[in-house]
Amino acid sequence: MNAKPDTVSWHERARSLTPRTQAFIEGRYVDAASGATFNSVNPATGKVLAQVAAGDEEDVNRAVASARAAFRKGAWSNLPPAQRKKVLARFAELILKHTDELALLETLDMGKPISDSLQIDIPGAARCIQWYAEAVDKIYDEVAPTGPGALALITREPLGVVGAIVPWNFPLVMAAWKIAPVLAAGNSLVLKPSEKSPLTALRVAELAVEAGLPPGVLNVVPGYGHTAGKALALHMDVDCVTFTGSTATGKTIMQYAGQSNLKRVSLECGGKSPNIVLADYPNLEKAATAAAFAIFFNQGEVCSAGSRLLLQEGIKDVVLQKVQEIGQKMQPGDPLEPATRLGAIVDETQMKRVLGYIDAGQREGASVLLGGKRVRQDSGGYFVEPTVFDNVSPRMSIAREEIFGPVLSAITFKTPEEAVEIANDVVYGLASAVWTRDITTAHRMARAIRAGTVYINCYDADDITVPFGGFKQSGMGRDKSLHALEKYTELKTTWLELS
Ligand code: NAD
């Protein structure tokens, strides 16, 4: 399908790329009403990539009005599911057809390796949309068991206008996790991508219209969180805000819902996920390899990253030795080089945050086994070495707070019970893993761990068929799988008296 260009040709292509930079409202690209723009910076060079429309309240108002009008008109909301299926399937195909272009935009905009954008992000986004397309005409409503005197129907209806606010770590995939079920259920959508990575969302909006989505059903308003994001979450005519991002912003979004129209809120927030390896696991090399990828993949900018490695006493040295070997080989490189496995941190602010945690870990008494520094400074970009901390105590900030960078904190424990206690002793509950040969121990621990996902003898296994989301302050509601549709539909009871 896609030729595999080399580094030189990716750089050449980057030079001839003209990203879409205006907001997408009512099926057309438009400037922000204020005319304001913000700089989209390539984190691998520190140079400005594009000037993007800085949407604010006025633009959000226009987008919501357009989404509402489209919803009322019914060209999408009243379309038979089999027709919606066709449009969404074409949309997924168009995304795949533009894989190279979208992968390049993603890598330039947020710094992840081009190989990952090509093989993981863009196909993942297309697969998500394809999956909901296929699902949408296979879902039935219910008839309640009321007895012969009545016919009580339980039907699902679209909510109306959904606002989606998404982060920068997997810009298109996170957007697709919202776009696909929201549209499949018949809603209209206003999407606000992160100000750090708006380019792929802006491009796919026109692909959706090309696929046959009526204008106004999918609108994209780029802009800052405290302006465009806030206006969307406070809007009186938005029925639901579906958010992925930090726990701090998630709390603010809930307040906005309370201050405005009590809109429905779903939150996919941060994590500090424990990856627990028991001494009985027979293949420690496999566990260590998975542990390294669980924290270094995507520069550690993964909500479900296995950022706490909990090792049973006795196996620490052998596991950490292997993790270090892999980390050594994953030195940050030019994201446009196809062999690069670790790219740039999304921006200078995030890099400083990561380096700040590395300093804090050392000050609090943990020891750096690997990495710990900024590298490739000559490039002008924001690169941090894969970093491994040993001698971490569960009270340290690097063991409790989300760093969102390639920084692993290794902690030892004696018993499975102690491991579960440490695992649960943070405010988050997104993902987790247990490595053991004992199936009873595995299930006992899986039940005791308070997290939305527990991997057993693997990490970051993924499929669109399973729900993803958090316990505790990692959020509420689930993305992916048929369960995501629950967030974007209302249940209605229609009672018909038969007696
Ligand atoms: P963030 O909270 O800073 O921003 C996320 C989005 O919210 C952006 O679009 C931003 O512009 C917007 N925003 C910021 N302030 C806002 C406000 N006051 N009102 C409305 N919108 C506002 O998060 P981030 O730095 O972009 O992303 C990293 C975070 O996302 C991490 O905590 C990570 O764990 C989390 N995340 C979670 C999942 C998941 O599925 N649970 C997936 C990916 C990322």
Side-chain angles (χ1 to χ4, degrees), residues 38 40 43 52 54-57 60 109-110 112 121 124 128 163-178 190-198 201 220-235 238 241-257 259-260 263 265-273 297-307 345-347 349-351 353-354 401-405 426-431 451-453 460 462 466-481 484 487:
F38 64 88
S40 161
V52 179
D56 61 18
E57 190 178 348
V60 166
D109 212 9
M110 68 70 67
K112 67 172 67 199
D121 292 70
C128 171
I165 301 176
V166 293
W168 46 262
N169 59 336
F170 293 91
L172 192 57
V173 174
M174 292 300 103
W177 285 9
K178 312 294 190 196
V190 177
L191 171 67
K192 199 214 73 72
S194 169
E195 60 275 24
K196 300 181 186 184
S197 61
V220 182
V221 180
Y224 292 106
H226 63 274
T227 53
K230 181 176 178 182
L232 192 56
L234 274 173
H235 205 289
V238 169
V241 62
T242 176
F243 168 81
T244 301
S246 64
T247 294
T249 307
K251 289 181 183 183
T252 308
I253 301 262
M254 282 192 90
Q255 290 177 12
Y256 292 154
Q259 285 162 20
S260 53
K263 58 179 66 62
V265 174
S266 68
L267 305 172
E268 296 282 352
C269 298
K272 189 75 188 175
S273 299
F297 169 60
N298 211 50
Q299 303 74 244
E301 297 161 328
V302 181
C303 52
S304 55
S307 51
I345 300 292
V346 73
D347 67 2
T349 309
Q350 182 63 17
M351 179 188 69
R353 180 184 155 88
V354 173
E401 294 169 25
E402 185 181 46
I403 300 174
F404 226 55
V426 291
V427 298
Y428 299 111
L430 192 55
T453 300
D460 265 347
D462 185 37
V466 291
F468 184 82
F471 282 31
K472 304 196 283 183
Q473 292 188 36
S474 287
M476 57 197 209
R478 294 290 179 269
D479 279 337
K480 300 167 59 193
S481 84
K487 299 196 294 192

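Values below: all heavy atoms of this structure, side chains included; hydrogens, waters and symmetry mates excluded. For ligands, and for the atoms within them, numbers begin at 1 and follow the listed sequence. Residue indices begin at 1 and follow the sequence shown.
Partners of Phe471 by side chain to side chain contact (heavy atoms under 4.5 Å, CB included), not counting sequence neighbours, listed by chain and number: Arg450, Arg478.
In Ser246, the parts holding a heavy atom less than 4.0 Å from any atom of ligand 1 are both the side chain and the backbone. Contact annotation: for Met174 versus ligand 1, heavy atoms closer than 4.0 Å belong to the side chain alone. When non-hydrogen atoms are compared, ligand 1 lies under 4.0 Å from neither the backbone nor the side chain of Lys196.
In terms of protein heavy-atom proximity, atom 36 (N) of ligand 1 is nearest to Cys303 CB, 3.5 Å. Atom 24 (P) of ligand 1 has its closest protein heavy atom at Trp168 NE1, 3.3 Å. In terms of protein heavy-atom proximity, atom 28 (C) of ligand 1 is closest to Phe404 CE2, 3.5 Å. Of the protein's heavy atoms, Val166 O, 2.8 Å lies nearest to atom 9 (O) of ligand 1. At the shortest separation from atom 18 (N) of ligand 1 among protein heavy atoms lies Tyr256 OH, 3.3 Å. For atom 16 (C) of ligand 1, the nearest protein heavy atom (residue, atom name, distance) is Thr249 CG2, 3.4 Å. Given atom 12 (C) of ligand 1, the protein heavy atom at minimum distance is Ile165 CG2, 3.6 Å. Nearest protein neighbour of atom 31 (C) of ligand 1, counting heavy atoms only, is Glu402 OE1, 3.3 Å.
Counting the atoms of ligand 1 from 1 in the order shown, those under 4.0 Å from a heavy atom of Phe468 are 39 (C), 40 (O). Each of the following atoms of ligand 1 lies closer than 4.0 Å to a heavy atom of Asn169: 43 (C), 44 (C). Within the listing of ligand 1, atoms 2 (O), 5 (C), 6 (C), 7 (O) sit less than 4.0 angstrom from a heavy atom of Phe243. Every atom of ligand 1 with a heavy atom of Thr244 under 4.0 Å away is listed here by number and element: 5 (C), 36 (N), 37 (C), 38 (C), 39 (C), 40 (O), 42 (C), 43 (C), 44 (C).
Looking at Ser474, its side chain never comes within 3.5 Å of a backbone N or O of Cys269 through a donor-acceptor pair. Put simply, the side chain of Thr227 never gets that close to the backbone of Asp56: no donor and acceptor are under 3.5 Å apart. For the pair Thr247 (side chain) and Gln473 (backbone), a donor-acceptor distance under 3.5 Å is present. In terms of modelled atom types and a separation under 3.5 Å, the side chain of Glu402 and the main chain of Ser307 share no donor-acceptor contact. In terms of modelled atom types and a separation under 3.5 Å, the side chain of Lys192 and the main chain of Gly223 share a donor-acceptor contact.
Around the CD atom of Glu401, the shell of radius 6.0 Å holds more than 12 heavy atoms that belong to other residues, nucleotides or ligands. Shown here is Met254, whose CE atom has no more than 12 heavy atoms of other residues, nucleotides or ligands within 6.0 Å.
Of the options Gly271, Gly225, Gly475, Pro222, the smallest heavy-atom separation from atom 13 (N) of ligand 1 is shown by Gly225.
Under the 4.0 angstrom criterion, atom 21 (N) of ligand 1 counts as having a protein heavy-atom contact.
The shortest N or O to N or O distance between Thr252 and ligand 1 is not below 3.5 Å. No N or O atom of Thr247 sits closer than 3.5 Å to an N or O atom of ligand 1. Polar contact with ligand 1: absent for His226 (N/O pair, distance under 3.5 Å).
For Phe170 and Trp177, the distance between ring centers is not under 6.0 angstrom.
A heavy-atom distance below 4.5 Å is not found between the side chains of Val60 and Lys230. Contact check for Lys112 versus Glu301: no side-chain heavy atoms found under the 4.5 Å cut-off.
Ligand 1 lies within reach of Cys269, whose nearest heavy atom is under 4.0 Å from it. At a 4.0 Å cut-off, not a single heavy atom of Phe170 sits close enough to ligand 1 to count as contact.
In terms of heavy-atom proximity, Met351 sits nearest to Ile345 at N-CG2, 3.6 Å.
Ser273 and Ser304 form no side-chain donor-acceptor contact under 3.5 Å, judged by distance and modelled atom types alone.
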